[in-house]
Amino acid sequence: MAGTTLTPGETAPPRGRAVAAPGGAPRAPRTLRPRTLLITAVAWLLAAGFLLPYVEMVITALRPASELRDAGYLPSSFAWANFVDVWRESHLGDNLRVTLLVAGGSTLLVLLVAIPAAYYTARVRFRGRKLFLLLVLVTQMFQPTSLLVGLYREFYQLGMLNSVWTLILCNAAFNLAFAIWILTAYFASIPEALEESAMIDGLGRGGALLRITLPLAMPGVVTAMIFTFIAAWNEFVMGLTLSTIPENQPLTVGINSFIGNYTVQWNFLFAGSVIAIVPVVILFALIERKVVSGLTAGSVK
């Protein structure tokens, strides 16, 4: 430790423990600064503000139908049967299955196409490279709603309406440009000398990509995966237009069916919303460790 001289055979005390002063009395523990306390309090207030709508959503999902218009914050009793009824009396199970297939399939397709495309763009200085990246970025300016009529006519002529594959292709197409742009920046930041060293040791270009470059670019891959999955999970307009059969519609469209012309089934609406966010929360809980490990992943020569 700085400022402390150790005699032969003496070891430094573990971190976090009180260190004895020269007189034998332990030193006072470290006190928190007022600035640190203020920042911590503000952070907790912001976290509470972000979590409050979700708490209200869960409480409303558990309200009995007779208490939906009551002014009290908490219901007199929690109706856990709302989750069973919304699952039994609607196509929510089929909608959840479709959304999982669409989000997972779109994410997988985007990564399969974006990783080699971004790697080639970052490593090869071909003619028109900057123009290609500019066109990739420009495609992000087009909203799916502006292309719905053309997409509907095209898939109608191909006989692919009310198909999960149609939604997978559309979601992958609209998220591919962003993934290529993100991954190109990550691949370009990795020194090419690492791949050259690996190829000297006997790896080919594909092996160097899979075993050297891709682990180092894992934060970018995870970022592209998260954005693609969330965008496909929350997509509404294309699912509403290209799927007209209730059991073939995604979850966002299925939840919207609880909003009628004259009444809104608030308990079922919020119960379906709670069911919809659970897979996303689980995904983030699993991905968090991958993000941290991806920051330190690499190769050893």
Side-chain angles (χ1 to χ4, degrees), residues 1-2 6 11-12 14-16 100-142 168-233 279-301:
M1 297 180 62
L6 301 178
T11 59
R15 291 186 178 180
L100 287 172
L101 291 175
V102 171
S106 302
T107 303
L108 180 61
L109 183 58
V110 165
L111 293 181
L112 289 177
V113 177
I115 289 176
Y119 178 76
Y120 183 85
T121 305
R123 287 289 184 258
V124 181
R125 296 296 187 266
F126 57 90
R127 182 177 298 179
R129 176 178 175 273
K130 293 184 178 180
L131 179 60
F132 170 74
L133 290 176
L134 179 61
L135 291 177
V136 167
L137 186 62
V138 167
T139 56
Q140 290 296 105
M141 301 179 183
F142 294 98
I168 291 177
L169 291 174
C170 289
N171 282 279
F174 280 106
N175 290 284
L176 181 61
F178 177 79
I180 292 177
W181 185 269
I182 290 293
L183 291 176
T184 299
Y186 269 90
F187 285 134
S189 65
I190 298 173
E192 195 171 356
L194 293 175
E195 299 176 12
E196 295 174 353
S197 300
M199 287 188 285
I200 291 176
D201 289 343
L203 286 178
R205 175 67 69 174
L209 170 62
L210 294 177
R211 299 180 61 178
I212 306 297
T213 309
L214 199 57
L216 291 172
M218 193 54 64
V221 174
V222 173
T223 301
M225 180 176 65
I226 290 176
F227 273 92
T228 303
F229 187 90
I230 297 301
W233 187 273
V280 179
V281 173
I282 295 175
L283 172 67
F284 272 98
L286 297 176
I287 290 294
E288 181 185 5
R289 296 182 180 178
K290 300 295 183 181
V291 175
V292 176
S293 62
L295 293 174
T296 56
S299 57
V300 178
K301 184 181 181 326

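All heavy atoms count here, side chains included; hydrogens, waters and symmetry mates do not.
Taken to the nearest 0.5 Å, the CD1 atom of Ile180 stands 11.0 Å off from the CZ atom of Phe187. In this structure, CD1 in Ile168 is found 10.0 Å from OG1 in Thr107, a value given to the nearest 0.5 Å. The CG atom of Leu108 sits 4.5 Å away from the CG atom of Leu112 when rounded to the nearest 0.5 Å. Atom OH in Tyr119 sits 5.0 Å away from atom OG1 in Thr213 (nearest 0.5 Å). Put simply, CG on Asn175 and SG on Cys170 are 11.0 Å apart, with the number rounded to the nearest 0.5 Å. With rounding to the nearest 0.5 Å, the separation of CG in Asn171 from CG in Leu109 is 10.5 Å.
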Criterion side chain to side chain contact (heavy atoms under 4.5 Å, CB included) on Val221 and Met218, from CA distance to verdict: CA-CA 5 Å; Val221 174; Met218 193 54 64; 4.1 Å; yes
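The two atoms that bring Leu209 and Pro215 nearest to each other are O-CD, 4.3 Å, heavy atoms only. Shown here for Ala232 and Ala103, the closest heavy-atom pair between the two residues is CB-CA, 3.8 Å. In terms of heavy atoms, Leu111 sits closest to Pro116 at O-CD, 4.2 Å.
Residue pairs meeting the ring pair (Phe, Tyr, Trp, His ring centres under 6.0 Å) criterion with at least one partner in residues 205-231, sequence neighbours excluded, are Phe178-Phe227, Phe229-Trp233.
With Ser189 contributing its side chain and Tyr186 its backbone, the two residues share a donor-acceptor pair below 3.5 Å.
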